Amino acid sequence: MERFSDGEMEAQQPYAYWLDGTEKISGAVKRKLLSLFGSPEEVCLAKKERLAPFLTDVQIQALKAGKARGEEYYRLSEEGIAFYPFYHPRYPERLSHIPDRPFGLYVKGRLPEEKKRSLAVVGARNCSEYGRYLAESFGRELAGAGVQIVSGFARGVDGLAQEAAVRAGGSSFGVLGCGVDICYPSSHGRLYVEILEKGGLLSSYPPKTPPLSFHFPPRNRIISGLADAVLVIEAREKSGTLITVDMALEQGREVYAVPGRITDRLSDGCNRLLRQGAGAALSPAQLLAELEQSVWRGMGGAVERDKTERGKEALSEEEAALLELLEVTPLSPDGIRLRMKESRTLRDISLPDTMELLLGLVLKGRIRQTGGFYVRI
Amino acid sequence: MFSSMYAGGIAGMKAYPVRVEVDISRGLPGFELVGSLGKEVREGKERVQIALKNAGFSLPVARITVNLSPADIQKEGTGYDLAIAAGLLACMGTIDPGSLAETAFLGELALDGEVRRVNGVLPVALAMREAGIRNLVVPAENAAEGESVSGIRVTGVENMKEFLTYLQAGPEERSRLFSERREGARQGGGAGGQEKRGTPDFSDVYGQESARRAAEIAAAGFHHLLLAGPPGAGKTMIASRMAGILPPLTDGERMEVASIYSIAGKLEERKAGSFTRPFVAPHHTVSPQGLAGGGRLPRPGMLSLAHRGILFLDEMAEFSSETLEVLRQPMEDKTVRIVRSRGSWTYPADFMLVGAMNPCPCGYYPDRNRCGCSDTQIRRYLSRISGPILDRIDIVAETAAVQLKDLRGGEKGESSAAVRKRVEEARQRQKLRFGNGPYRFNGELSGRDAERYCALGTGERRFLERVFEAGEMSLRAYHKVLKLARTIADLDGEETIGTRHLSEAVYYNGGRKQFWKGE
C-alpha cells in the first residue's frame with residue numbers, strides 16, 4: 001500500500017474510521033482489503049460486486065451500514081479522542097511489529113513516547129495487601145525513574161500501579177476493553193482524570209463501545225505490545241494476567257514476576273512463571289538495573305533519578321521498633337500486640353498507647369489503616 | 001339493680017382504670033356488653049355466664065347490660081372477666097358492693113371457674129395505685145408481678161371458689177387471705193429476684209483485646225457498636241457478654257422493663273435475670289413488625305423488649321433492608337410509634353444496638369488466601385447496611401480470627417465485674433457533666449452539642465486537623481470521633497481530651513471507612 005501525503009491522510013481518516021468500526025470484519029481482512037483497494041475510501045465506497053469475492057453478504061451489508069459512522073469522525077476531536085490507523089505515522093512503533101496488531105487505535109490523552117522506556121505492570125484484580133503494596137511500590141519507583149507504566153486500567157494491581165505512577169509524577173498508559181470515552185471500572189473516576197493529564201488511555205475499540213467481557217483478553221496483546229517488558233505482580237494459577245504473559249512471549253517481550261509465598265494462591269501464577277524461567281523481580285531497583293542491562297541497553301538518555309523521595313519525618317525509638325513489627329499484609333491491633341509482647345521495648349505498652357503510636361506512624365506516612373487493620377506502605 | 005366495679009385496661013404502654021357497670025333490670029331477657037369492645041372482651045360474656053353457672057349461680061332471666069367505661073376507648077384482652085363477674089354477683093345481691101369500692105379486678109375466667117393468667121398486671125397495678133385504688137385482685141399466677149408494686153394490696157386467686165371467698169369476706173379478713181401463698185410467691189420474685197447465676201462473663205473471652213475495648217467504650221458512652229470479622233472471631237461471644245458490663249438496672253428502670261415484659265406476656269422469661277439488662281437477639285429473618293411491634297392488637301416488639309438493654313443483631317447484613325430501616329426512628333427518638341387504623345401506640349425503645357457481621361460474603365476478607373470475593377461483591381455486601389443506619393453507629397470494630405496462641409498462652413480476659421466498674425465510673429462522670437439536661441450519655445450528643453461538651457485544646461485540635469488532612473477521617477466522622485474520644489477520656493478518668501484518646505477514637509472510627517470507600 002502506498003504512503004499517503006499529510007493532506008490525503010486527513011481526507012482518508014473518516015473512511016479509515018468507518019472501516020475500523022465495522023465489527024463483522026476481522027483486522028486481518030481489513031488490512032488485506034486495504035492493500036488490494038489502495039485506500040480506505042476505495043474500500044468503503046467500492047461496489048458490492050467488487051467486494052463480493054472477499055466478503056460475505058453480511059459483512060458487505062455491515063460495511064455499507066457504517067456510512068453514517070464515517071460522517072461522525074469529526075466529532076472525535078471534539079471529545080479529545082485521536083484515531084490512528086495502523087499505517088498512520090503516529091501509530092506506535094512498538095505495536096506495528098506485533099502479530100495481529102490492531103487495525104486502528106483510539107487515544108485519549110497522549111500516546112506513549114517511542115524513545116522512552118516502557119514497562120507493563122499487570123496482576124490480579126482481587127489482589128491481596130501484598131499485591132497492593134507491590135503494585136504501588138513498583139509503580140511509584142519505576143515511574144519516578146522515568147519508566148512509562150502501561151497497564152490494563154483494571155481494579156487491583158493494574159489500577160494501583162498506574163495510580164502510584166501518576167501520583168509519583170511519572171506517566172502511565174491504560175489500555176481499555178471499552179471505548180476510551182468510558183470510564184470502566186467506574187470506581188476509577190479519579191484515576192481516569194489523573195491519567196489523562198500524565199499519560200493516556202488507549203483502546204482498539206471505537207468510542208462508546210461498552211466494556212463486554214470478551215473485549216478484555218484481546219486488549220492484553222496491546223498492553224504487552226506497548227511495553228518493552230512485562231512485570232507480573234500477583235496472579236492466580238488460571239488468570240487473565242497470564243494471557244498477557246502469553247502475548248508478551250509471542251511478541252518477544254521479557255517477562256518478570258515477583259515471587260510470593262508458595263502457600264498464597266494469589267502467588268501461584270507468579271511462582272509458576274518463575275519456575276518456567278521468567279525473570280525474578282525482587283525490588284524496583286534490581287528490576288530497573290536488570291532491564292538496563294538487557295532490554296534497555298544502549299537506550300539513549302540516562303534514567304531520570306528518583307525525584308519522589310519525600311523528606312520523611314523522624315521516628316521515635318518506640319515508633320521505629322513498632323514499625324519493625326508491621327508487615328505489608330494486614331495486621332489487627334491484637335495481632336500487633338501479640339508481637340509487641342514478645343519484644344523487649346514494647347512489652348509494657350497499653351492498648352490505647354499502642355493506638356496512639358500507630359496513628360503517629362500513619363500520620364508520618366509509614367503505615368496505613370484499612371478497616372480495622374494496619375499495613376506497611 | 002345496678003353496680004359498678006373497677007378493672008384495668010391497657011392502651012399501648014399505659015394502663016388506666018376501667019369502670020365496669022352492670023345493670024340488671026326487667027325487660028326482654030338478654031345479655032348485652034357495650035363500650036368499644038374487642039372480640040375477646042365480648043366473648044367474656046359466655047365465659048363469665050358459664051363459670052358462674054358452674055359455681056352455682058344462674059343469671060336471672062332479665063335484661064342484663066354491662067358497660068365498660070370510658071366507652072370511647074377501644075378495649076382488648078380477656079382481663080375484664082373477673083370484674084364483670086363481680087359486678088353481676090353484686091347486682092344479684094350475692095355480695096356487698098360497698099366494701100369493693102376501692103378494689104379492681106383483672107383476670108380471665110375459664111368455663112370451670114379457674115382464673116387464668118393475663119398480660120400487663122404490673123402496669124395495671126401501677127396505674128391503679130396512681131388512681132387511688134387500694135386493692136387489686138389478679139390471677140394467682142400473676143400475683144407476684146403485682147406484688148412488686150408497693151402501696152397497693154394485690155391478691156391472687158386461683159379459681160372461682162377463692163374469688164368468692166375473697167368477695168364474701170369482710171374487709172379485715174381479706175387482707176389475710178392466701179397470705180401463705182404470697183410468701184412463697186415473693187421468694188420466686190416478680191420484678192424482683194436475684195441476679196441469675198452462670199451468666200456469660202467477659203473473662204471467657206481470650207485475646208480480642210481491641211474488640212473487648214470497643215465493647216467497653218460502647219457500654220460506657222452508650223455508643224451503638226458494629227462488630228465485623230470472620231466466622232469464629234468471637235463477635236457473638238463478645239456481644240452476648242455486653243449486658244453484663246452495663247450497670248445494673250435502677251429501680252425505676254426495672255419497673256419500666258418489667259412493665260414492657262408484662263404487657264408482652266414475657267415476664268416469666270425475665271424473672272431470673274431481672275437485675276441485669278435485657279439482651280435481645282432476634283434472628284435475621286425477623287419481620288419489621290416483629291422488631292417494631294404491632295399486630296392487630298399492638299404488642300411491644302423486639303426493640304421495646306430490648307429497652308434499657310442491648311439489641312443484638314447477629315449477621316446484620318442478612319436482615320432485610322426493610323427490617324433494618326425500622327431501626328432508624330427508634331434509634332433517634334428512643335421510642336417506637338405504631339400507627340394503626342384504630343389508633344396509635346407508643347412503646348419505649350431505648351436500646352443500645354450491637355451488630356455483628358462478616359466483612360464480606362464469604363467471611364474471610366482481608367485474608368486473600370481464603371477470600372475470593374471481588375471488590376464489587378464486598379462493597380455490595382457491606383452496602384446492605386444503609387448510610388443512615390451506619391450514621392447512627394459510632395464504633396465499627398473489626399475482629400480478627402482468634403489465634404491458637406491466644407487460646408493457649410494468652411491471658412484470660414478481665415472479668416465482667418472489673419469492666420463494669422470502669423463503665424459505671426465513666427457513666428457517673430457523664431451524669432455529673434450533663435446534669436438534668438436532655439443528654440445522659442456522650443453517645444447521644446448531636447452535632448453542635450458534641451463540640452460544646454467535647455471541647456479540645458489547641459494542640460488536640462491541630463492534631464485532629466492533621467488526621468483529617470492525612471485522609472484518615474472524613475468530615476462527617478468528626479463529631480463521632482469527638483464523642484468517642486470524650487467517652488474514652490471518661491473511662492480514663494480525665495476531664496480533658498488528649499491526643500491519646502483521639503487516637504483511639506480515630507481507630508475505632510476507621511472501621512467505617514471500609515463501608516464508605518471513596519468518601
Side-chain angles (χ1 to χ4, degrees), chain A residues 124-132 154-156 159 185-190 234 236 260-261 263-268 313 329-342 349-365 367-375, chain B residues 207-214 227-229 233 359 365-379 396-403 405-406 409-411 463 466-467 469-472 488 491-492 498-508 510-515 517-518:
Chain A
R125 281 197 303 275
N126 299 328
C127 62
S128 67
E129 283 295 330
Y130 175 65
R132 163 187 283 270
R155 278 189 208 99
S186 54
S187 54
H188 275 174
R190 203 166 140 198
E234 254 191 335
R236 286 178 194 272
R261 293 195 293 203
T263 51
D264 284 358
R265 297 287 76 83
L266 269 164
S267 291
D268 284 348
E313 276 183 75
T329 49
L331 274 177
S332 68
D334 298 335
I336 296 169
R337 287 184 55 71
L338 269 184
R339 291 167 179 221
M340 286 168 65
K341 285 195 184 106
E342 288 160 10
I349 293 180
S350 70
L351 178 70
D353 288 328
T354 308
M355 289 185 171
E356 190 175 13
L357 283 176
L358 285 166
L359 184 59
L361 285 172
V362 169
L363 293 180
K364 287 177 181 171
I367 60 171
R368 178 175 48 216
Q369 184 188 345
T370 64
F373 301 89
Y374 292 98
V375 290
Chain B
Q208 300 299 3
E209 206 183 351
S210 60
R212 270 215 318 254
R213 173 80 173 159
L227 296 163
Y365 183 84
D367 181 354
R368 280 302 196 182
N369 275 333
R370 300 171 85 174
C371 168
C373 304
S374 72
D375 279 0
T376 322
Q377 279 177 308
I378 295 174
R379 212 165 353 190
V396 179
E398 286 209 49
T399 54
V402 179
Q403 301 179 2
K405 237 194 243 177
D406 288 333
E411 299 147 40
F463 176 77
R466 246 188 101 190
V467 173
E469 279 160 16
E472 291 302 308
I488 294 167
L491 274 171
D492 232 10
T499 53
R500 191 164 69 120
H501 308 130
L502 288 170
S503 300
E504 219 181 334
V506 168
Y507 171 76
Y508 286 115
R512 176 191 317 280
K513 283 195 298 186
Q514 193 75 15
F515 291 85
K517 269 185 185 158

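Naming convention: chains lettered A, B, ... in sequence-line order (proteins, then strands); numbering from 1 in each chain. Worth saying up front: this structure is predicted, and the values here are computed from it rather than measured.
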Side chain from CB out, backbone as N, CA, C, O: work out which of these in [X] comes under 4.5 Å of a heavy atom of chain B, or both, or neither.
| X | value |
| --- | --- |
| A:Pro352 | both |
| A:Arg236 | side chain |
| A:Arg125 | neither |
| A:Ser187 | side chain |

Which atom of A:Tyr130 lies closest to which atom of A:Gly260, heavy atoms considered | OH-CA, 4.1 Å
Pick from A:Gln369, A:Arg265, A:Arg368: which one has the most heavy-atom pairs with chain B under 4.5 Å?
-> A:Gln369
Any A:Val375 side-chain heavy atom under 4.5 Å of A:Arg132 side chain = no
Can you check whether B:Arg212 reaches A:Asp334 side chain to side chain, under 4.5 Å on heavy atoms?
-> no
Apply ring pair (Phe, Tyr, Trp, His ring centres under 6.0 Å) to B:Tyr508 and list each qualifying residue two or more places apart in sequence or on a separate chain.
-> none
Regarding A:Ser332 and B:Glu398, is there a side-chain donor-to-acceptor distance under 3.5 Å anywhere?
-> no
